[in-house]
Q: 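Structure below; questions to follow.
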Amino acid sequence: MTDIEQLLLSRIRDVADYPEPGVLFKDITPLLADPAAFGALTDALADIAVRENATKVVGLEARGFILGAPVAVRAGVGFIPVRKAGKLPGATLSQAYDLEYGSAEIEIHAEDLSGDDRVLVVDDVLATGGTAEASLTLIRRAGARVAGVAVLMELGFLGGRTRLESSLDGAPLEALLTI
């Protein structure tokens, strides 16, 4: 295990039975409260953005905003929020996707992306991959190219990586931690 992996893991708190009995929630708020750990996380994700020649970072609501915005600043690129449906003013592109029980919809301002953009999707966790998959569809519908997906942690047992393989179309999926 690398030094950064040890640092990040040491700042993620396990919360049993949240949000429902039987779930072990990975709370990143202690990591965000530690400037050394948050800085190391931001640097690691920004390095991915630079390496993949991203011109924009997309952050997925809501923790993807917290991580993606400083990553974009550090990498010297723009930041685009992907929001839940109905939260963005003006013209948007929307994409529905299935959840374990039901469905959801996300939106993006299409005018914030162009055919010249290479977009890195940033989020805290890759679980089942539904939201990330929908965001990749939105990025392509807006005319941009996908530079990859970068997450703090991947919950490997939920199969999100497998679900995203075809949507990534050869772009990388990088998880700093796999749980």
Q: If you look at every heavy atom in Phe38 and Leu67, which pair is closest and at what distance?
A: CE1-CD2, 3.9 Å
Q: So Leu31 and Leu8, side chain to side chain contact (heavy atoms under 4.5 Å, CB included) or not? Walk me through it.
A: CA-CA 7 Å; Leu31 187 155; Leu8 297 175; 3.6 Å; yes
Q: Any donor and acceptor pair, going by atom type alone, linking the side chain of His109 with main-chain N or O of Pro81 inside 3.5 Å?
A: no
Q: With side chain to side chain contact (heavy atoms under 4.5 Å, CB included) as the criterion, how do Leu177 and Leu152 come out once you've worked through the C-alpha distance, each side chain's angles and the decisive distance to 0.1 Å?
A: CA-CA 6 Å; Leu177 302 171; Leu152 165 58; 4.1 Å; yes
Q: Tell me whether Tyr97 is reachable from Leu164 by hopping between hydrophobic residues (I, L, V, M, F, W, Y) whose side-chain heavy atoms are closer than 4.5 Å.
A: yes
Q: Can you list every pair that meets salt bridge (Lys or Arg N to Asp or Glu O under 4.0 Å) and has a residue in residues 25-34, with sequence neighbours left out?
A: Arg11-Asp34, Arg13-Asp27, Asp14-Lys26
Q: Please determine whether side chain to side chain contact (heavy atoms under 4.5 Å, CB included) holds for the pair Ile28 and Ile66, giving the CA-CA distance in whole Å, both sets of side-chain angles, and the decisive distance to 0.1 Å.
A: CA-CA 11 Å; Ile28 68 167; Ile66 297 168; 6.0 Å; no
Q: Using side chain to side chain contact (heavy atoms under 4.5 Å, CB included), reason through Leu136 and Val149 one step at a time and then give a plain yes or no.
A: CA-CA 9 Å; Leu136 297 176; Val149 174; 4.0 Å; yes
Q: Which residues pass the side chain to side chain contact (heavy atoms under 4.5 Å, CB included) test with Gln6, sequence neighbours left out?
A: Met1, Asp3
Q: What's the spacing between Thr131 OG1 and Leu126 CG if we round to 0.5 Å?
A: 9.5 Å
Q: Any idea which heavy atoms bring Ala44 and Leu176 closest together, and the distance?
A: CB-CD1, 3.9 Å
Q: Under the criterion side chain to side chain contact (heavy atoms under 4.5 Å, CB included), which of Ile139, Asp116, Leu113, Val77 is the partner of Lys56?
A: Leu113
Q: For Gly129 versus Arg163, what's the shortest heavy-atom pair and its separation?
A: C-CD, 4.0 Å
Q: Would you tabulate the side-chain donor-acceptor contacts of residues 155-162 under 3.5 Å, counting partners in other chains and residues two or more places apart, or write 'none'?
A:
unit_1, atom_1, unit_2, atom_2, d
Arg161, NE, Glu154, OE1, 3.2
Arg161, NE, Glu154, OE2, 3.2
Arg161, NH1, Leu173, O, 3.3
Arg161, NH2, Glu154, OE1, 2.8

Q: Taking all non-hydrogen atoms of both residues, which atom of Ala147 and which atom of Pro172 are closest, and how far apart?
A: O-CD, 3.3 Å
Q: When rounded to the nearest 0.5 angstrom, what is the spacing between CG in Asp123 and CZ in Phe65?
A: 9.5 Å
Q: If I take atom OG1 from residue Thr92 and atom CG from residue Asp112, how far apart are they, to the nearest 0.5 angstrom?
A: 11.0 Å
Q: Kindly compute the distance separating CZ (Arg51) from CG (Leu120), expressed to the nearest 0.5 Å.
A: 9.5 Å
Q: State which residues pass side-chain hydrogen bond (donor to acceptor under 3.5 Å, both in side chains) with Glu111; sequence neighbours excluded, sorted by chain then number.
A: none
Q: Please say which of Thr42, Leu41, Asp47 ends up in a side chain to side chain contact (heavy atoms under 4.5 Å, CB included) with Leu45.
A: Leu41
Q: Taking only residues two or more places apart in sequence or in another chain, which ones pass side-chain hydrogen bond (donor to acceptor under 3.5 Å, both in side chains) with Asp124?
A: Arg63
Q: Which residues satisfy the side-chain hydrogen bond (donor to acceptor under 3.5 Å, both in side chains) test with Thr137, sequence neighbours excluded?
A: none
Q: Do other residues, nucleotides or ligands put more than 12 heavy atoms under 6.0 Å from the CZ atom of Phe25?
A: yes
Q: Considering all heavy atoms of both residues, which atom of Ala37 and which atom of Leu7 are nearest to each other, and what is their separation?
A: CA-CD2, 3.8 Å
Q: Does Arg118 offer a backbone N or O that forms a donor-acceptor pair with the side chain of Thr55 under 3.5 Å?
A: yes
Q: Which of these, Glu107, Glu61, Glu105, sits in a side chain to side chain donor-acceptor pair (under 3.5 Å) with Arg83?
A: Glu61
Q: Are the side chain of Gln95 and the backbone N or O of Leu138 linked by a donor-acceptor pair below 3.5 Å?
A: no
